[in-house]
Amino acid sequence: MGNLMLIEFLTVDGVMQGLGSPQEDTEGGFTHGGWGAPFAESIHQVVAPSGLGNTSSYLFGRKTYEKMAAFWPFQPDDNPMAAHLNATPKYVASRTLRDVAWAGTTILSSDFSASVRELKEVEAGDIAVLGSGNLCRQLLAENLVDELRLFIHPLLLGTGKRLFGELPMPKNLELKSVAQTDLGTIALVYGVQ
């Protein structure tokens, strides 16, 4: 049975918007895009190179998928992240997307919750959700998340989309591990109960 895990890069105030590049996500007038770049290299201090080994598939929301699909298929396979993303099955939850060009992608468009439950039954490894804030909140609300892997960067932005919104009820978390980079990023792994 697959383990559904959310992998998120956040500021201390919970902002997840515009991590990668200045123009990545400017919705709502967000002007702090690219804030994660200074911390990117230090992540390898807390994530083993074999860290992708248990990931058997990726699950994305439409917006994150479109941004990822515009970049990763064009990266060389000597980049371990590109090689893994391009070779691993990908699923995208969307009510509007009809066609996908990124090889190995399947659209989940009908009963989303049932599709994810079925995916968890057939996958042997981890199903990783990267970014995809709206999708993450829906997965949490429907009790489909098994694990949170949070990378909290030492930065307060004050504005931007936050990962956690309202939930129908509180969620208890079990701390599994804590690690820190030399730049002050804290990597937390929580089991969701």
Exercise. Of all the heavy-atom pairs spanning Leu183 and Pro154, show the shortest one and how long it is.
Key: O-CG, 3.3 Å
Quiz prompt | Pairwise distance OG1(Thr106) to CG(Leu59) - rounded to 0.5 angstrom | solution = 11.0 Å
Quiz item: What distance do Leu6 atom CG and Leu150 atom CG have between them, rounded to the nearest 0.5 Å?
Solution: 8.0 Å
Quiz prompt | Euclidean distance, Trp72 CH2 relative to Lys67 NZ, rounded to 0.5 Å | solution = 15.0 Å
Practice problem: Please check if the side chain of Arg149 supplies one atom and the backbone of Leu188 the other of a donor-acceptor pair under 3.5 Å. | Solution: no
Exercise. Carefully, step by step, assess Val46 and Gln180 under the rule side chain to side chain contact (heavy atoms under 4.5 Å, CB included).
Key: CA-CA 7 Å; Val46 292; Gln180 179 181 333; 5.6 Å; no
Quiz item: With no hydrogens and no angle check, do the side chains of Asn143 and Lys171 hold a donor and an acceptor under 3.5 Å apart?
Solution: yes
Self-check item: Under 3.5 Å donor-acceptor, Thr11 side chain and Val15 backbone
Solution: yes
Practice problem: Scan residues 29-39 for pairs that pass salt bridge (charged side-chain N to carboxylate O under 4.0 Å, His left out), counting only residues two or more places apart or in two chains. | Solution: none
Exercise. Could you list all the salt bridge (charged side-chain N to carboxylate O under 4.0 Å, His left out) pairs where at least one residue sits in residues 97-112, not counting sequence neighbours?
Key: none
Self-check item: For Asp77, all residues meeting side-chain hydrogen bond (donor to acceptor under 3.5 Å, both in side chains), sequence neighbours excluded
Solution: none
Quiz item: Considering residues, nucleotides and ligands other than Glu118, do more than 12 of their heavy atoms fall under 6.0 Å from its CD?
Solution: no
Quiz item: Where do Leu148 and Val189 land on the side chain to side chain contact (heavy atoms under 4.5 Å, CB included) test, with the steps shown first?
Solution: CA-CA 6 Å; Leu148 296 174; Val189 178; over 6 Å; no
Practice problem: Identify whether Met16 and Leu156 are in the same connected component of the hydrophobic contact network (ILVMFWY, side-chain heavy atoms under 4.5 Å). | Solution: yes
Quiz prompt | ring-ring contact (aromatic ring centres under 6.0 Å, His included) involving Phe9 - partner list, sequence neighbours excluded | solution = Phe151
Self-check item: Donor-acceptor pair, side chain of Thr55 and main chain of Ser57, under 3.5 angstrom
Solution: no
Self-check item: Inter- and intrachain pairs under ring pair (Phe, Tyr, Trp, His ring centres under 6.0 Å), touching residues 171-193, at least two apart
Solution: none
Quiz item: Distance from Leu119 atom CG to Ser56 atom OG, nearest 0.5 Å?
Solution: 7.5 Å
Exercise. Taking all non-hydrogen atoms of both residues into account, name the closest pair between Gly2 and Ile127 and its distance.
Key: CA-CD1, 4.5 Å
Under 3.5 Å, which donor-acceptor pairs link side chains of residues 31-39 to any protein atom two or more places apart or in another chain?
{"unit_1": "Trp35", "atom_1": "NE1", "unit_2": "Gln17", "atom_2": "O", "d": "2.7"}

Exercise. State plainly whether the residues Lys63 and Glu27 are in salt-bridge range, i.e. N to O under 4.0 Å.
Key: yes
Quiz prompt | With sequence neighbours excluded, residues passing side chain to side chain contact (heavy atoms under 4.5 Å, CB included) with Val100 | solution = Tyr65, Val92, Leu97, Thr105, Ile107
Quiz prompt | Partner residues of Glu66 under the salt bridge (Lys or Arg N to Asp or Glu O under 4.0 Å) criterion, sequence neighbours left out | solution = Arg62
Quiz item: After noting the C-alpha distance and the side-chain angles of Val129 and Ile7, does the key distance pass the side chain to side chain contact (heavy atoms under 4.5 Å, CB included) rule?
Solution: CA-CA 6 Å; Val129 180; Ile7 302 173; over 6 Å; no
Exercise. Could you tell me whether the side chain of Gln75 and the main chain of Phe71 form a donor-acceptor pair under 3.5 Å?
Key: yes
Quiz item: Can you find a heavy atom in the side chain of Leu10 that is under 4.5 Å from one in the side chain of His153?
Solution: no
Quiz item: Any side-chain donor-acceptor pair under 3.5 Å between Asp126 and Asn3?
Solution: yes
Quiz item: For Gln193, which residues count as a side chain to side chain contact (heavy atoms under 4.5 Å, CB included) partner, sequence neighbours excluded?
Solution: Asn172, Glu174
Quiz item: Under the side chain to side chain contact (heavy atoms under 4.5 Å, CB included) criterion, do Val12 and Ile152 qualify, and how do the steps go?
Solution: CA-CA 6 Å; Val12 171; Ile152 314 291; 4.0 Å; yes
Quiz prompt | Sequence neighbours excluded - salt bridge (charged side-chain N to carboxylate O under 4.0 Å, His left out) pairs with any residue from residues 4-25 | solution = Asp13-Arg162, Asp25-Lys161
Quiz item: Do Asp146 side-chain atoms and Met5 backbone N/O form a donor-acceptor pair below 3.5 Å?
Solution: no
Quiz item: Out of curiosity, does Val192 fall in the hydrophobic cluster containing Met1 (side-chain heavy atoms, cut-off under 4.5 Å, transitive links)?
Solution: no
Quiz item: Is a donor on one side and an acceptor on the other found under 3.5 Å between the side chain of Ser132 and the backbone of Leu130?
Solution: yes
Quiz prompt | Inter-residue atom distance Phe60.CZ - Leu108.CG, 0.5 Å rounding | solution = 12.0 Å
Quiz item: Any salt bridge (charged side-chain N to carboxylate O under 4.0 Å, His left out) pairs touching residues 176-193, not counting sequence neighbours?
Solution: Glu147-Lys176
Quiz item: Between Ser42 and Thr181, which heavy-atom pair has the shortest distance, and what is it?
Solution: O-CG2, 3.2 Å
Quiz item: Which pair of heavy atoms, one from Arg137 and one from Leu163, lies closest together, and at what distance?
Solution: NH1-O, 2.7 Å
Exercise. Could you list all the side-chain hydrogen bond (donor to acceptor under 3.5 Å, both in side chains) pairs where at least one residue sits in residues 79-93, not counting sequence neighbours?
Key: Tyr58-His84, His84-Thr88, Asn86-Trp102
